[in-house]
**Student:** 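Just dropping this structure here.
Atoms considered below: every heavy atom in the structure, side chains included; atoms not considered: hydrogens, waters and symmetry mates. Positions are given from 1, in the same order as the sequence printed here.
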Amino acid sequence: MTNELSPDGPELQPDMMGDFAEEGGSEDASQLLPPIRELPTDREYVPGAFYSIQPADGTPSGKQLGEILGSALFQSLADVHLFGRNAANEPWLEVGPMTPEPAQILVAQELLPGTGQPLAQDDLEMFEMVAGRVAKTLGRAKQPPAEDAAKGAARSAQIAALKGKLGDKFGLALAGDFDIAKVTDCCLCLGMKRVGTVFAWLGGQAMGEPVFTVAVDGAQLAPGAAGKTKRVTFSYPVAAVKQPRKVLERIFAATHYFTRRLGGTLQLLDGSAPGDGVARGEHPKLEAIIKKIESAGLKPGNVVARRLV
């Protein structure tokens with residue numbers, strides 16, 4: 001579960017925590033890659049990713065949901081999310097314990113949980129009991145689901161079968177003759193963190209899931225790495241980020257910093273010319289990848305889409 005929207009918060013919220021050694025670059029240029037600001041659409045309900053039940057509408061009490069449902073219930077909802085809205089013409093946005101009770105509630109089960117295994121009909125029947133508990137605690141009648149558990153399980157199996165098929169990467173590359181130690185310094189100056197043998201931009205967070213990664217051909221960016229490389233790549237799996245066009249904008253800003261310091265020729269990952277649109281986060285190949293994800297009933301950055309990468 002997530003807390004209610006914070007208009008001033010970062011848009012891309014990494015949810016896998018890790019430890020990173022503190023390293024510093026020769027200058028601080030992290031301001032060139034500001035966090036991507038969250039949009040309300042980042043919290044919207046994605047019907048293709050969930051099996052859901054909508055309890056009867058209620059009259060908002062003015063209390064926060066955490067006061068009514070209790071923190072223990074929120075902590076127990078590992079693969080279950082609550083969405084809310086106050087009118088049928090509004091989008092469903094994910095709500096959390098700090099959100100004031102909305103007029104309408106949607107209880108939703110991820111169709112591909114963290115185990116990566118599709119849900120069985122019994123799993124969704126168990127979820128219906130959880131949804132009933134939420135409805136009862138809120139003082140609302142439990143409504144029947146829009147589809148039965150058998151159909152929901154079938155959709156879960158269809159989504160699980162997409163594992164690995166939505167892992168398309170996009171990004172930019174610099175071709176030239178680069179000193180690997182200077183590549184490392186550029187990454188550190190931009191505020192990137194070392195993740196294994198690559199560098200990652202974490203969206204302005206101190207730790208978490210990478211938004212995009214930086215690697216070099218023919219070498220690993222391990223501590224103390226030296227030598228030369230002909231190519232530096234900046235890439236991300238499109239299904240794993242909430243605003244893939246904004247991520248491309250940040251990648252372009254990173255490559256601009258690299259070329260200012262190290263030179264090089266800008267390319268797409270496949271070596272073709274990037275076009276002027278990449279500076280604005282636009283490219284037909286990126287749009288095709290986004291369309292592929294949306295055609296599967298999902299949305300880039302959604303929890304289920306991330307698990308299919």
Side-chain angles (χ1 to χ4, degrees), residues 12 14 32-33 36 161-187 190 192-203 209-222 225 227-296 298-302 305-309:
L12 295 174
L32 299 176
L33 298 181
I36 299 174
L162 294 173
K163 177 66 177 178
K165 297 179 181 178
L166 298 182
D168 303 82
K169 289 187 176 182
F170 194 75
L172 301 175
L174 289 177
D177 187 19
F178 308 107
D179 183 295
I180 290 177
K182 292 182 178 179
V183 170
T184 294
D185 186 61
C186 285
C187 291
L190 287 172
M192 297 181 190
K193 304 295 181 181
R194 196 186 298 278
V195 180
T197 57
V198 301
F199 275 91
W201 185 61
L202 307 179
E209 287 187 348
V211 178
F212 69 82
T213 58
V214 179
V216 297
D217 283 6
Q220 297 180 334
L221 293 177
K228 295 283 188 175
T229 184
K230 296 293 186 182
R231 194 164 183 259
V232 184
T233 60
F234 305 72
S235 65
Y236 62 106
V238 177
V241 299
K242 291 183 178 179
Q243 291 191 47
R245 299 176 185 89
K246 284 291 183 182
V247 176
L248 180 56
E249 286 184 14
R250 297 301 188 269
I251 285 179
F252 179 80
T255 61
H256 182 72
Y257 177 77
F258 270 69
T259 54
R260 180 168 61 82
R261 288 190 53 185
L262 308 181
T265 301
L266 188 64
Q267 304 174 336
L268 293 183
L269 295 177
D270 62 7
S272 61
D276 295 336
V278 296
R280 303 183 299 275
E282 301 170 356
H283 195 276
K285 292 183 179 179
L286 174 59
E287 296 305 315
I289 297 172
I290 294 172
K291 184 177 180 180
K292 179 181 176 181
I293 297 164
E294 293 176 343
S295 295
L298 302 173
K299 184 178 178 181
N302 172 262
R306 294 200 305 266
R307 289 176 180 151
L308 294 170
V309 172

**Student:** Let me confirm one number: the OG-CD1 distance from Ser295 to Ile290, rounded to the nearest 0.5 Å.
**Tutor:** 11.5 Å
**Student:** Between Ser272 and Leu268, is there a donor-acceptor pair closer than 3.5 Å when you use the side chain of the first and the backbone of the second?
**Tutor:** no
**Student:** Compare all side-chain heavy atoms of Thr213 with those of Phe199 and state whether any distance is below 4.5 angstrom.
**Tutor:** no
**Student:** Quick one, Leu174 and Thr265 - any side-chain contact, counting heavy atoms below 4.5 Å?
**Tutor:**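 Answer no - side chains too far apart.
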**Student:** How far apart are the closest heavy atoms of Val241 and Val211, and which atoms are they?
**Tutor:** CG1-O, 3.7 Å
**Student:** Check Gly281 against Leu286 and note the closest heavy-atom contact, atom names and distance.
**Tutor:** O-CD2, 3.8 Å
**Student:** For Lys285, enumerate each residue passing the salt bridge (charged side-chain N to carboxylate O under 4.0 Å, His left out) test, keeping only those at least two apart in sequence or located in another chain.
**Tutor:** Asp270
**Student:** So, taking the atom named CG in Leu202 and the one named CZ in Phe212, what distance separates them when rounded to the nearest 0.5 Å?
**Tutor:**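 So the CG of Leu202 and the CZ of Phe212 are separated by 9.5 Å.
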**Student:** What's the spacing between Thr255 OG1 and Phe234 CZ if we round to 0.5 Å?
**Tutor:**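 Going from the OG1 atom of Thr255 to the CZ atom of Phe234 covers 6.0 Å.
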**Student:** Is a side-chain donor or acceptor of Arg194 paired with a backbone partner of Leu221 at a separation under 3.5 angstrom?
**Tutor:**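 Yes; at least one donor-acceptor contact below 3.5 Å.
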**Student:** For the residue pair Ala215 and Val198, what are the closest heavy atoms and their distance?
**Tutor:** CB-CG1, 3.9 Å
**Student:** Please check: side-chain N/O of Tyr236 versus main-chain N/O of Pro244, any donor-acceptor pairing under 3.5 Å?
**Tutor:**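 A pair under 3.5 Å: yes.
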**Student:** Counting only heavy atoms not in Gln220 (residues, nucleotides, ligands), do more than 12 fall under 6.0 Å from its CD?
**Tutor:** no
**Student:** Are the side chains of Leu172 and Val278 in touch, meaning some heavy atoms are under 4.5 Å apart?
**Tutor:** yes
**Student:** May I ask you to decide whether Lys291 forms a salt bridge with Glu294, counting only side-chain N to carboxylate O separations under 4.0 Å?
**Tutor:** no
**Student:** Can you see which heavy atom on Pro237 is nearest to which on Val309, and at what distance?
**Tutor:**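 Pro237 and Val309 have their closest heavy atoms at CB-CG1, 3.6 Å.
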**Student:** At their closest point, which heavy atom of Thr259 faces which heavy atom of Gly264, and how far apart are they?
**Tutor:**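 Closest approach of Thr259 to Gly264, heavy atoms only: CG2-O, 4.0 Å.
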**Student:** When rounded to the nearest 0.5 angstrom, what is the spacing between CZ in Arg280 and CG in Leu248?
**Tutor:**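 CG of Leu248 is found 10.5 Å from CZ of Arg280.
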**Student:** State, with a plain yes or no, whether a side-chain heavy atom of Lys299 is found less than 4.5 Å away from one of Lys242.
**Tutor:**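 No, their side chains stay 4.5 Å or more apart.
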**Student:** Any chance you could measure Leu266, atom CG, to His256, atom NE2, to the nearest 0.5 Å?
**Tutor:**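 Taking CG in Leu266 and NE2 in His256, the distance rounds to 11.0 Å.
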**Student:** Please test Phe178 against Phe258 for ring pair (Phe, Tyr, Trp, His ring centres under 6.0 Å), starting from the C-alpha separation and ending with a verdict.
**Tutor:** CA-CA 10 Å; Phe178 308 107; Phe258 270 69; 8.1 Å; no
**Student:** What pairs of residues pass the side-chain hydrogen bond (donor to acceptor under 3.5 Å, both in side chains) test when at least one of them lies in residues 165-184, not counting sequence neighbours?
**Tutor:**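 Every side-chain hydrogen bond (donor to acceptor under 3.5 Å, both in side chains) pair that includes a residue of residues 165-184, provided the two are not neighbours, is Asp168-Lys292.
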**Student:** Mind checking the CH2-CE spacing from Trp201 to Met192? Nearest 0.5 Å is all I need.
**Tutor:**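 Here the rounded value is 8.5 Å.
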**Student:** Write down the atom of Leu33, the atom of Ala254, and the distance for their closest heavy-atom approach.
**Tutor:**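 Leu33 and Ala254 have their closest heavy atoms at CD2-N, 3.9 Å.
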**Student:** When the ring planes of His283 and Phe170 are compared, do they come out parallel, tilted or perpendicular, using 30° and 60° as the limits?
**Tutor:**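 Aromatic pair His283/Phe170 classed tilted.
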**Student:** Can you list everything that forms a side-chain contact (heavy atoms from CB on, under 4.5 Å) with Arg231? Sequence neighbours excluded, please.
**Tutor:**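 Checked Arg231 against side-chain contact (heavy atoms from CB on, under 4.5 Å); matches are Ala173, Asp217, Thr233, Gln267, Leu269.
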